[in-house]
Amino acid sequence: MSNVSRPRVFVSRRLFPETLALLEQHAEIDVFDRSGSPSADELLARTRGCAGVVAQGTDRIDQAFLDALPELRIVANVAVGYNNIDVAAARARQVVVTNTPDVLNEACAALTWALILGVTRRLGEGERLLRSGRWEGFALELLLGMDLVGKTLGVIGMGRIGQSVAAKAAAFGMRVCYLRSPRRPDAQITAADGTPYEGLSLDELLTRADVVTLHVPLTTETRHLINQTTIRRMKPTAYLVNMARGPVVEEAAVVSALDDRRIAGAALDVYELEPVVHPGLLRFENALLAPHLGSATVETRTAMSTLAARNVVEVIEGRPPLTPIPGSWVG
Ligand code: GLV
């Protein structure tokens, strides 16, 4: 086939060689091959004339971008979250939007448990002590943390990742409660053996949980769900974990809660203004801070990239997308 007739696809970040090879079999591809992300201008310029773009959660795909690119047929996000995309605007222009659900559930749930264990057992603090050369050897009262056994895990966002986190709680002897969906208050979520988890209101969950873990998408309803008021409902012995999106938590509220010892600690993987982190958070030994690593394993990131590429191939060849974002595509 002559290259001239092949659809063009812009890939906004380096992907794994096998993913690029898959795309290359079906399209002319242009890959952003530097570190960091393309600027908004470069993203637009290099997507011009393309039928597809493989985007990341940090690429802003808004109305102006879509208006400037009438040939575009698919935006394939290499992420499960899609708050970077104006989905309604894409749908109005018949541009398909896809994400990468399911393939990252286990990696994200595993990192959630790494954060829960890390913050409750003071691992970051311990490692800093050891590396500083100030560790004086075993001491009975050194860096005492909190046992998980017998405690309550409060899951906010009982979707695929939240349920995978909840499923692992029994291994640590924890009870699970979750935030009832205001849209489906009577829906019952059960463990694999059919035992129902306890659905609570936000206030009930925050006052009861020993570890509060966040897994909701970022929407107008979830922005600053944890704020100066709601964080005050948490127990002073409880820990907050954010694996969702940065703006779901008001970072300044976490800083003041840690300052006033109103919570025991916080473990965050995502931030309001990534890669900027509220400087106040850096002051606390009991803040465990990861640089947005939820799905960062070789296997999972490969699966995500490949799923995004397969979505592009399906759409540019006239077939339905594999994982369209709900409401973004009418078959
Ligand atoms: C990562 O944050 C994702 O949404 O996949």
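Just so it is clear, the model here is predicted, and its values are computed rather than measured. Atoms within each ligand, like the ligands themselves, are counted from 1 in listed order.
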Of all pairs that satisfy ring-ring contact (aromatic ring centres under 6.0 Å, His included), the ones with a partner from residues 242-290, not counting sequence neighbours: none
Going by the order shown, which atoms of ligand 1 are within less than 4.0 Å of some heavy atom of Leu104? 5 (O)
If the cut-off is 4.0 Å to any non-hydrogen atom of Met304, which atoms of ligand 1 fall inside it? 5 (O)
Neighbour count above 12 (heavy atom, 6.0 Å) for Arg261 CZ: no
Side chains of residues 80-87: which donor-acceptor partners sit under 3.5 Å, not counting sequence neighbours?
from: Asn83; atom 1: OD1; to: Arg245; atom 2: NE; distance (Å): 2.9
from: Asn84; atom 1: OD1; to: Asn77; atom 2: ND2; distance (Å): 3.0
from: Asn84; atom 1: ND2; to: Gln56; atom 2: O; distance (Å): 3.1
from: Asn84; atom 1: ND2; to: Asp59; atom 2: O; distance (Å): 2.8
from: Asn84; atom 1: ND2; to: Asn77; atom 2: OD1; distance (Å): 3.2
from: Asp86; atom 1: OD1; to: Ala88; atom 2: N; distance (Å): 3.4
from: Asp86; atom 1: OD1; to: Ala89; atom 2: N; distance (Å): 3.0

Under 3.5 Å between any N/O of Val80 and any N/O of ligand 1: does that happen in this structure? yes
For ligand 1, which atoms have a heavy atom of Gly81 less than 4.0 angstrom away? 3 (C), 4 (O)
Flag Ser295 as yes when one of its N or O atoms lies below 3.5 Å from any N or O atom of ligand 1, and as no otherwise. no
Val270, portion touching ligand 1 at heavy-atom distance under 4.0 Å: neither
Judged on heavy-atom distance to atom 4 (O) of ligand 1, which of Gln56, Arg245, Met243 sits nearest? Arg245
Taking the side chain from Thr323 and the backbone from Asn99, do they hold a donor-acceptor pair closer than 3.5 Å? yes
Take atom CZ in Arg121; do more than 12 heavy atoms of anything else shown fall under 6.0 Å from it? no
Counting from 1, what ligand 1 atoms have a heavy atom of His292 closer than 4.0 Å? 1 (C), 2 (O)
Please check if the number of heavy atoms outside Arg310 that lie under 6.0 Å from its CZ is greater than 12. no
